[in-house]
Amino acid sequence: MADRYDPSSFESKWQERWKDADLFVTREVPGRPKFYGMDFFPYPSGAGLSVGHCRNYVPTDVLCRMKVMQGYNVLHPMGFDAFGLPAENEAIKQKSHPAPMIEKYAANYRRQMDLVGISYDWSRSFASSDPDYYKWTQWIFEILHKRGLAYRRLAAVNWDPVDKTVLADEEIIGGRAERSNAIVEKKWIPQWFFKITEYAERLLNDLDELDWPEGIKAQQRNWIGKSEGVQFRMQVAFISDEEFKKAWGGQAVSTTPETRDELKELVAEIEASGFKPEVDSLTAAKAANLVANAEKAAFDANRPIESESVTHAFESASVKAGLEFVPKERSLSFEVFTTRIDTVFGMTFCVLAPEHEIVDKIRGSVSPEFKAKIDEYREQAKLLSDTARTATDREKTGVFTGAYAVNPANGKPVPIWIADYVLAGYGTGAIMAVPGHDQRDFDFAVKFGINVIPVIKPTQEYLSAFFEDGGKGYDEMLAAYQSDVTRFNPVFESKDSTLINSGEYTGMSVQEAQASLGRWVEALDIGTRKTQFKLRDWLISRQRYWGCPIPVIHTKDGEEQLVPEDCLPVLLPDVDNYEPSGDGSSPLAHIPDFVNTTDLDGRLGQRETDTMGGFACSSWYFLRFCDPHNDSKAWNLDQANYWMPVDCYVGGAEHAVMHLLYARFWTKVLFDEGLIKVKEPFARLENQGQVLAHTPYRKPRADERLDVGEDGILVSFKEAESIPEEDLIWRWARMSKSKGNVVTPDEMVREYGADALRIYLLFVAPFNADIEWKNEGVEAAARFLSRVFRFVEEAKPHFVENWADLIAFEELDETAQGIRRATHKTIRDVTKDIDAFGFNTYISWLMKYLNALNDAKCVAKAAENRGVALAVSEAIETIILLLSPAAPHSADELWDNIGKEMFTYQAEWPKFDEALTVESESTIAIQVNGKLRDTVTVPADISEEALTEAAKSTPKISALLNGLTVRKVIVVPSKLVNIVAN
RNA sequence: GCCGGGGUGGCGGAAUGGUAGACGCGGUGGUCUCAAACACCACUUGGGUUAAACCAGUGCGGGUUCGAGUCCCGCCCCCGGCACCA
């Protein structure tokens, strides 16, 4: 055997033996715990794998291999996400059919994964484009449809004029298509959606129980975007300019004293009655009467009730009497959503999205000048692309409609504007604008000269930022603030304060006011407290060929029928021309044999021709892996319930939202359907860091301009050689075919070996950190492996096969004990770090261990001492087994060389003995007043008193303490002594 | 702007509130060699010293503590995500 790591002499040999032995086939031995470790479903690209992919697969492989050795039943599958745009585009480019092309690429992926020694169970592999698989994707679509979670509607979609397809919102970056980089246009066509919004609350709440990176969970929470507030109705009033001025110029409209007294009496009566309507129908009737009177009084006074106590009366009366309020007939109204109902008294205008339907009605009732302005603005808004409309730092635009809305809180009219900073698709598409406490409204109000009223008392801290001298008193600053709020920019948005200028709510805390006004709005039946989500329904329609067909038949009557389960799958027809039609319809729509069919009643019908986006296919593949070849079911319940959830799911952070959210959604639906026992598919998630490669760019020439965000013009490595040094810019960029900076596992394996590549990837940095690729690092890894080979080679002559039976009976000297201590500590640390995804420290423990063995001269000593020979034998086995997950080829080669049968994969993972990790002596740090001054080595079991004495009496310390009085001594056992003295 | 993650030697990075810099790369010196490469051994945070002592030190400024890279408060910078979401 070699005394160095010579991968070409054994790596492929072991790969063949593993294959011949079906080593990685999933085993389900009864009585053992299970472990499901999985990598993200890859799309098999024609470029093949880069070392960046290996940074994902190798660590998962290490964990799974350790779990197998620890006696777990391990499911470690791999398949291919074959459907979708990238494959189709590639096939079009190559003028081939995607199916055989994908098969070829997947085979190449598999070859490369095997080359690196990943322990996938290939017997469970499949591609999402296999009819055996997508039959069940369609079956799940039908479950969703039956549960009312799949529906079709006309929708404005993102149209990519280059790929000639519809894109999901998430596939657009800055107004451009992520893939083709084309500027996205709008187009209206019927689309299929999944109603993921129905699961928003559960998708949000269940994040708490997941062992996922905080950042990913935060991104999902942000994406779901829950906000709680109040939605209420505002009446439209068509009043004159003069009337508007009068309303604001004169005294504030307020409840007449008589009405107020009447209301107070009502409250007293309601409170006195004690309300037990369920047992007392008389009281209920009385309550009904009181409430009706209260409502009448409120409306007669032409304003709502402000008093908190009356509000309570309304509230309790309505709840306890089980009453329904019938609001007064209102002519024209719209709803607004706000999270800051506490600022309602500060409303000075309203804004409608230009697309809001009520704008049509308003338009019909205002003077021609306003009508013209409204039309002009709406036209403008329509033409603006989404990019332009959502550009950062864009000046606010908008026009006054000429109409007013009535603030229900104080009865005052406020102008209604239309502006595109209000989005039609969120909330109600209309807002109450409070420029005093909302920055956007403030910017708008200042630009258009709209009144700003402060209604939340700003804090001292906020105000003093606007005063240079800072010496002013709070009251003085507050007075200045109140007299001209527009000077105070940015606005005071904090909720940690109390109300001002808010009628009877003045003085309440924001929280109290929110609760109180919320109840009041509900009692008055002009609105409700409501939860809004940013999350939108999931658009799945793709007007492309290479996807899973949607199993729906449209009947002549326009009815949607699901294809019966026994007729699934709806097969993708085998055709020559699958290029996009370019008119927005799917290529399938132009294949009569596919489209024309009969419906369930035997009449002529038409098949749905849209296909599902790729995210549908990857939303359940983890379930199929549990039972991949079942041809009568999507999965066997027992199988799925045994393996699920995925215990550790590993992949890139770029799928933070879409894939993971969709897969969670499907799992929840399937849970509701009783098809799986878990509510969440992925118990633990880990994101690997990216691999960056040194990439050459050059400075732009005089006639060239850089796009936004570009630092230089990409050049090939070849070009770079002929460019002068000073014009070159080297940057670390993500490996990609287009950048020409890809390092492949093939070349790394050829040059350094698979195990060296694996060790480097594990060791170079923490798992989730980005790394800068350096070949020297792989060399260093190979050197380490060579040191292991040399150690085993040198120690082998002293190897005692049955050391484990003998070691307990041998008197062990200090060296032997030291070796065992290092062995058992290493087992402890390695095991813990692999579980914790600390692969870089896993490798460093092994390096440290090997250094310790060499430093102890244990090989030389083993020749003379039986105890040392036994300890060394244990060390040889241990280091090979601990190395096995990271460098499985080398481990098996070494294992074979010390005369072991079978594979390390089948061996038992070493266990550590706590007692053996304990040091006999320890080096104690001695501090004086918290500063390290000396160290002392003492027996591990020394008493605190003896340790203190030992610490005080070292030459250095006694000299330092000379003349000082010891005030206090802190002893941390086996760590340090801190002497406080002065 | 908001959310999340970071900031430690020349570099990648280690450090349950307890000896900062494990492990590796690079560098310096040495052994081997005719020589080089490989390999091996030693040293390698900065200042200081013949050597030590000693001083400084984990983005910046405060604080808590016997003791802070680690905890708290206030900033700065970098990376990722979201971005007029009412």
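The basis for the numbers below is simple: all heavy atoms, side chains too, and nothing from hydrogens, waters or symmetry mates. Naming convention: chains lettered A, B, ... in sequence-line order (proteins, then strands); numbering from 1 in each chain.
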field: Residue met sooner reading RNA chain B from 5', once A:D438 and A:S844 are mapped to nucleotides
entry: A:S844
message: Need to verify one output field. Residue with the more 5' nearest nucleotide on RNA chain B, A:I970 or A:N854?
response: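 Its nucleotide being nearer the 5' end, the pick is A:N854.
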Would [X] and [Y] pass as an ion pair if we require N to O under 4.0 Å?
X	Y	answer
A:R529	A:E228	no
A:D420	A:R378	no
A:E201	A:K226	yes
A:E779	A:K774	no

Does [X] place a side-chain N or O at less than 4.0 Å from the phosphate oxygens OP1/OP2 of [N]?
X	N	value
A:N851	B:rG24	yes
A:R734	B:rG80	no
A:R933	B:rC54	yes
A:N840	B:rG12	no
A:S227	B:rA86	yes
A:K931	B:rA56	yes
A:R783	B:rC25	yes

Could you check whether [X] gets within reach of a base, just the sugar-phosphate, or nothing at all, counting any heavy atom under 4.0 Å?
X	value
A:P766	sugar-phosphate
A:V764	sugar-phosphate
A:K534	base
A:T339	sugar-phosphate
A:Q927	base

Would you measure the distance from the [atom1] atom in [N] across to the matching atom in [M] and give it in whole Å?
N	M	atom1	result
B:rC23	B:rC71	P	25 Å
B:rC55	B:rU49	C1'	12 Å
B:rG61	B:rC77	C1'	15 Å
B:rG48	B:rC3	C1'	48 Å
B:rG47	B:rG63	P	30 Å
B:rA22	B:rU44	C1'	15 Å
B:rG46	B:rC41	C1'	26 Å
B:rA68	B:rA56	P	13 Å

Euclidean distance, atom [atom1] of residue [X] to atom [atom2] of [N] [Å, nearest integer]:
X	N	atom1	atom2	value
A:I843	B:rA14	CD1	C1'	15 Å
A:Q220	B:rC82	CD	C1'	13 Å
A:K825	B:rA22	NZ	P	16 Å
A:M234	B:rA86	CE	C1'	13 Å
A:M658	B:rG81	CE	C1'	12 Å
A:F839	B:rC23	CZ	P	22 Å
A:K226	B:rC2	NZ	P	23 Å
A:N489	B:rG1	CG	P	13 Å

Counting side-chain heavy atoms from C-beta on, which of [options] comes nearest to [X]?
X	options	result
A:L976	B:rG4, B:rC23, B:rU19	B:rU19
A:K956	B:rG12, B:rA86, B:rA53	B:rA53
A:K968	B:rA15, B:rC66, B:rG24	B:rC66
A:K848	B:rC23, B:rA86, B:rG67	B:rC23

message: What's the separation between atom CD1 in A:I771 and atom CZ in A:R55, rounded to the nearest 0.5 Å?
response: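 Going from the CD1 atom of A:I771 to the CZ atom of A:R55 covers 4.5 Å.
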message: I need the A:R664 CZ to A:Q220 CD distance, nearest 0.5 Å.
response: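 Spacing of CZ (A:R664) from CD (A:Q220) equals 5.0 Å.
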Residue that, paired with A:Y421, satisfies ring-ring contact (aromatic ring centres under 6.0 Å, His included) out of A:Y426, A:F444, A:F442: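 So, applying the ring-ring contact (aromatic ring centres under 6.0 Å, His included) to A:Y421 and each of A:Y426, A:F444, A:F442, only A:F444 qualifies.
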message: As a check on the pairing definition, encode RNA chain B in dot-bracket form, counting Watson-Crick and G-U wobble pairs whose two distances are under 3.5 Å, and using | for partners outside this strand.
response: (((((((..(((.....[....)))((((((.......))))))(((......)))..(((((..]....))))))))))))....
Side chains of A:T397 and A:Y377, donor plus acceptor under 3.5 Å: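 Distance-only check passes for A:T397 and A:Y377.
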message: Quiz question: by atom type and distance under 3.5 Å, do the side chains of A:R233 and A:S333 form a donor-acceptor pair?
response: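 Yes, because at least one side-chain N or O of A:R233 sits under 3.5 Å from a partner of the opposite role on A:S333.
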message: Please verify the inter-ring angle class for A:W732 with A:H694; under 30° counts as parallel, over 60° as perpendicular, anything in between as tilted.
response: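 Geometry flag for A:H694 against A:W732: parallel rings.
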- request: Kindly indicate whether the side chain of A:K774 and the base of B:rC25 share any N or O donor-acceptor pair separated by less than 3.5 Å?
  value: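 No such pair is found, so the answer is no.
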